[in-house]
Structures are given as C-alpha cells and as structure tokens.
Amino acid sequence: MKEFLERLQTHIEQRTPDLGDADSVLTLLYEAYSDCNRMDDAEIKDAFHRLYEQMNGMSLQDMDKILDPVCTLCRSHERCGFVEGVKVGVRLIQELNHT
C-alpha cells in the first residue's frame with residue numbers, strides 16, 4: 001500500500017490539474033457552487049434597488065464606475081466567506097476523525 005501511495009503522490013505532483021480561470025481547487029469549487037446557487041436574496045435585491053435610486057440621473061458610464069467595483073467587492077466577500085466555510089468544514093472533519 002505504501003508503494004501505491006508513493007506512486008500516486010508522484011503522479012499527482014507531476015501533473016498540474018486544469019483549473020481553467022481558477023487559481024485553486026477551492027476557487028473552482030466556489031465558481032461551480034456560485035453558478036448553481038445564486039445569492040440574490042431579498043436583502044441584496046433591496047440594497048441594489050436603493051443603490052440604483054441613489055444613481056438616478058447618472059449616465060450609464062458613471063453608473064458602471066460605481067457598480068463594477070461594488071459588484072467585485074460583493075463577489076470577493078462572498079467567495080472569501082465560502083472558502084473560509086469550506087476550511088472550517090475540513091477542520092471539523094479532521095477534529096471528528098481524531099476523537
């Protein structure tokens with residue numbers, strides 16, 4: 001068994017997985033989760049509605065200057081929470097397996 005595990009480890013180390021645009025397996029997992037589970041709850045929709053009301057009368061170009069960084073920030077925050085949640089879950093599994 002030890003020889004098999006060593007060969008498997010060598011095999012994995014010699015081949016870099018194709019993660020597409022993702023920089024890690026966790027990011028790839030988040031992207032897949034995000035695609036299947038939209039986070040557009042009522043609170044988020046209401047917040048964006050209030051933001052649009054505040055931008056009333058602005059040109060689309062000016063609105064984009066505000067919305068692009070806001071959406072980027074929201075997505076980064078959501079991804080960070082997801083990744084940290086997975087890490088906590090992995091840690092929990094490790095702790096449960098050692099008890």
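FYI, side chains are in, hydrogens and waters are out, and symmetry mates aren't considered; it's all heavy atoms of this structure.
Contact of the Ser34 side chain with the Arg75 side chain is registered, since non-hydrogen atoms from C-beta on lie closer than 4.5 Å. The side-chain heavy atoms of Cys80 and Tyr30, taken from C-beta on, include no pair separated by under 4.5 Å. Between Leu51 and Leu67 there is a side-chain heavy-atom pair separated by less than 4.5 Å. With a 4.5 Å cut-off on side-chain heavy atoms, Asp41 and Ile44 count as touching. Side-chain contact check for Pro69 versus Leu73: every heavy-atom pair is 4.5 Å or farther apart. Using a 4.5 Å cut-off on side-chain heavy atoms (C-beta onward), Met58 and Ile66 make contact.
Note: Glu53 CD to Met55 CE = 10.5 Å, rounded to the nearest 0.5 Å. Separating the CD atom in Glu95 from the CD1 atom in Ile93 is a distance of 11.0 Å, to the nearest 0.5 Å. Rounding to the nearest 0.5 angstrom, the gap separating the CZ atom in Phe82 from the CD atom in Glu31 is 10.0 Å. With values rounded to the nearest 0.5 angstrom, Ser59 atom OG is found 7.0 Å from Lys65 atom NZ. For the atom pair CG of Asp68 and CE of Met63, the computed distance is 11.0 Å after rounding to the nearest 0.5 Å. Here the straight-line distance linking atom NZ of Lys87 with atom CG of Leu26 works out to 7.0 Å at 0.5 Å rounding.
For CG of Leu5, the number of neighbouring non-hydrogen atoms (other residues, nucleotides, ligands) closer than 6.0 Å is greater than 12.
Side-chain N or O atoms of His98 include one that pairs as donor or acceptor with a backbone N or O of Gln94 at under 3.5 Å.
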Practice task
Mind running side chain to side chain contact (heavy atoms under 4.5 Å, CB included) on Arg50 and Gln54 for me, showing each step along the way?
Solution key: CA-CA 6 Å; Arg50 289 192 314 271; Gln54 293 295 317; 5.7 Å; no
